[in-house]
Amino acid sequence: GLPTPGALCHYYSKRPSTDDHVEFVLESPDPETGKVLHAGGGRPHCEISSSIGDVRWSSGRPLQYWYDSAALLPGGE
């Protein structure tokens, strides 16, 4: 399924890769389009910013993994 709010998304095109990228999901994605507010670093000019887009892709890189940050906390599910 789609990442949940607070998830850390890991993107890369192929392995081995030096073009990895991560984003945090800031709200619930639209279940049909995958569009969501997300934020991350490593953008042009070392910018850290947010944007709305399809969570399944980031700067041409497909979503490879996502990590449920709430599950990593004590008592997380």
Side-chain angles (χ1 to χ4, degrees):
L2 293 174
T4 54
L8 179 66
C9 296
H10 184 189
Y11 302 89
Y12 59 85
S13 297
K14 58 186 173 180
R15 284 290 189 225
S17 175
T18 57
D19 192 26
D20 289 39
H21 183 69
V22 295
E23 296 267 337
F24 281 99
V25 175
L26 303 179
E27 59 187 17
S28 294
D30 181 288
E32 292 184 23
T33 65
K35 288 190 177 184
V36 67
L37 179 63
H38 53 90
R43 296 176 186 252
H45 310 292
C46 299
E47 181 180 48
I48 297 173
S49 63
S50 63
S51 62
I52 295 175
D54 188 339
V55 73
R56 297 168 290 195
W57 293 88
S58 180
S59 301
R61 293 169 283 220
L63 174 64
Q64 300 291 341
Y65 304 101
W66 64 272
Y67 306 93
D68 182 353
S69 55
L72 299 175
L73 299 172
E77 297 178 19

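In this structure, Pro5 and Glu27 have side chains that are not in contact, with every pair of non-hydrogen atoms separated by 4.5 Å or more. Residues Thr4 and Val25 have side chains not in contact (no heavy-atom distance under 4.5 Å, counting atoms from C-beta outward).
In terms of the side chain to side chain contact (heavy atoms under 4.5 Å, CB included) criterion, residue partners of Pro62 (sequence neighbours excluded) are, by chain and number, Ser13, Trp57, Gln64. Ser59 pairs by the side-chain hydrogen bond (donor to acceptor under 3.5 Å, both in side chains) definition with nothing, not counting sequence neighbours. Leu63 is linked by a side chain to side chain contact (heavy atoms under 4.5 Å, CB included) to Pro3, Cys9, Tyr11, Trp66, counting only residues two or more places apart in sequence or in another chain.
His21 and Ser58 make their closest contact through CD2-OG, 3.1 Å (heavy atoms, listed as atom of the first residue, atom of the second, distance).
Here the side chain of Ser50 pairs no donor or acceptor atom with the backbone of His38 at under 3.5 angstrom. In terms of modelled atom types and a separation under 3.5 Å, the side chain of Arg56 and the main chain of Thr33 share a donor-acceptor contact.
Rounded to the nearest 0.5 Å, atoms CG (Leu8) and OH (Tyr67) are 7.5 Å apart. Between the CZ atom of Arg61 and the NE2 atom of His10 there is a distance of 9.5 Å, given to the nearest 0.5 Å. Rounding to the nearest 0.5 Å places CG of Asp30 at 11.0 Å from CD1 of Ile52. To the nearest 0.5 Å, atom CG of residue Leu26 and atom OG of residue Ser51 are 9.5 Å apart.
Residue-environment remark: OH (Tyr65) stays at or below the threshold of 12 foreign heavy atoms within 6.0 Å.
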